[in-house]
Amino acid sequence: MRFTQSFALALLLLAGVAQAASWGFDDGTVSVVAKRAGETGSKERFNSKTPLTKPVSLGSTDTLKISLTAKDNGQEKRPHQAFVILKEKETGLEAPFPLTVKENGKAVASITHKDLPVQFLITDEPLEASIVLGSFGSSKALNAPVFDVKLQKDPNVPLPPYEKPVRYGKKEEIHHIFRADPKSPPKVISIIFALAVLATVPALFISWVLLGANLNHLSKAIGAAPVSHATFFGSILAMEGVFFLYYTSWNLFQALPVIGAVAVVTVLSGTKALGEVQSRRLAGER
């Protein structure tokens, strides 16, 4: 009975340990390596329980180095994900920096000013640094703030330009100004072209006389198909009238429906009128 109770208690303890397994780290250090001669850096130790109370100052030519030993449930191990996350507290903007981790859990990362996004370089508030460790399995991942970073800017170096990205949202009302309607050409040019068109009328009659046009068939054509010939000729005059109105006062949307209607009449009447002319031609009439 005692053995059964002891065995059950051991199983409960093992289940509790397995459930409480989580990622952590030891030997956490952050150091600032100065590049300029004569300047000394700094080195601080940190842990996942208590962040550093004093911000770490990072100069424009310095290098921030973070090192630690990752552990899974107290065992030194290489996690699948290991990052140092720098976060701007006011806006929540984050920038991840991967830790280079060995199989024994030793991890390091280096950060300089040139590695930081522009938004971090123009802020005056300290950045929050967090350690993120996690991997596959049942162990709980770690996301712990460990220290703050204060960026020291060089007064002789201007800040990089920054423009806020375009976001979807309400914009100012756009007042579009349409360009003026196109104007007609000068009247002189219009008169010249009109005279050129009118000059083709006598040229047409002269051509008919020279080519031997036979006007005696006019009465036969009208007698055989009076409606078709009259409608066909009237549709041609109507189309010219539509073009004249479009040139003088109508717009395109007014002219297009009328042009379509007149075109239908022209096709239907012209088919019958020209069919009558063809029948006389085939009969040998010239």
Side-chain angles (χ1 to χ4, degrees), residues 9-36 39-121 123 125-152:
L9 181 60
L11 289 177
L12 291 175
L13 290 175
L14 288 174
V17 171
Q19 185 176 5
S22 59
W23 282 94
F25 64 87
D26 285 337
D27 304 328
T29 61
V30 54
S31 58
V32 178
V33 180
K35 185 177 181 180
R36 296 180 180 177
E39 294 184 358
T40 58
S42 61
K43 186 175 182 180
E44 299 285 347
R45 293 186 176 273
F46 61 87
N47 56 64
S48 59
K49 303 297 183 182
T50 306
L52 297 180
T53 57
K54 185 179 179 181
V56 178
S57 297
L58 179 63
S60 58
T61 58
D62 299 339
T63 301
L64 185 71
K65 291 190 175 181
I66 301 99
S67 62
L68 53 89
T69 302
K71 292 186 176 182
D72 181 13
N73 194 25
Q75 300 294 325
E76 296 178 354
K77 191 176 179 181
R78 181 181 181 180
H80 181 255
Q81 299 286 343
F83 289 95
V84 178
I85 304 293
L86 294 184
K87 177 181 178 181
E88 190 178 14
K89 299 179 182 179
E90 182 178 355
T91 62
L93 178 66
E94 295 181 345
F97 299 90
L99 284 159
T100 303
V101 190
K102 297 181 179 180
E103 293 295 334
N104 58 1
K106 299 292 183 182
V108 294
S110 299
I111 303 173
T112 62
H113 272 231
K114 65 180 181 179
D115 300 323
L116 301 175
V118 178
Q119 294 90 328
F120 286 177
L121 298 177
T123 183
E125 298 298 325
L127 305 175
E128 181 185 74
S130 302
I131 301 298
V132 175
L133 301 175
S135 189
F136 302 107
S138 59
S139 297
K140 184 179 179 181
L142 173 70
N143 184 3
V146 289
F147 57 85
D148 290 343
V149 180
K150 178 66 176 178
L151 300 180
Q152 302 293 335

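For residues 73-83, the salt bridge (Lys or Arg N to Asp or Glu O under 4.0 Å) pairs, not counting sequence neighbours, are Asp72-Lys77, Arg78-Glu103. Applying the ring-ring contact (aromatic ring centres under 6.0 Å, His included) rule to pairs touching residues 42-64 yields Phe25-Phe46, Phe46-Phe147, sequence neighbours excluded.
In terms of heavy-atom proximity, Ser48 sits nearest to Ala144 at O-CB, 3.9 Å. For the residue pair Phe120 and Ala95, the shortest heavy atom distance occurs at CE1-CB, 3.6 Å. Between Pro79 and Ala70, the shortest heavy-atom distance links the atoms CD-CB, 3.8 Å.
Between Lys150 atom NZ and Leu58 atom CG the span is 12.0 Å, to the nearest 0.5 Å. If you take OG on Ser138 and CG on Asn73, they are separated by 9.0 Å, rounding to the nearest 0.5 Å. The distance from the CG atom of Leu151 to the CG atom of Asp62 is 10.5 Å, given to the nearest 0.5 Å. One finds the CG atom of Leu68 at 8.0 Å from the OG1 atom of Thr29 (value rounded to the nearest 0.5 Å). To the nearest 0.5 Å, atoms NZ (Lys114) and OG1 (Thr63) are separated by 8.5 Å. Put simply, NZ on Lys102 and OG1 on Thr69 are 10.5 Å apart, with the number rounded to the nearest 0.5 Å.
With sequence neighbours excluded, no residue satisfies salt bridge (Lys or Arg N to Asp or Glu O under 4.0 Å) with Asp115. By the side-chain hydrogen bond (donor to acceptor under 3.5 Å, both in side chains) test, Gln75 is found to be paired with no residue, residues two or more places apart in sequence or in another chain being considered. In this structure, Ser130 has no side-chain hydrogen bond (donor to acceptor under 3.5 Å, both in side chains) partners at least two apart in sequence or on a different chain.
A distance-only check finds a donor-acceptor pair linking the side chain of His113 to the backbone of Gly59 [under 3.5 Å].
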Would you mind writing out the side-chain donor-acceptor pairs for residues 80-90 within the sub-3.5 Å range, not counting sequence neighbours?
| unit_1 | atom_1 | unit_2 | atom_2 | d |
| --- | --- | --- | --- | --- |
| Glu88 | OE1 | Thr91 | OG1 | 2.8 |
| Glu88 | OE2 | Thr123 | OG1 | 3.3 |
| Lys89 | NZ | Asp148 | OD2 | 3.0 |

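Side-chain contact between Val32 and Ser57: absent, with no pair of heavy atoms (C-beta onward) separated by less than 4.5 Å.
Under the side-chain contact (heavy atoms from CB on, under 4.5 Å) rule, Val30 has a single partner from Ile111, Val149, Val146, Leu52, which is Leu52.
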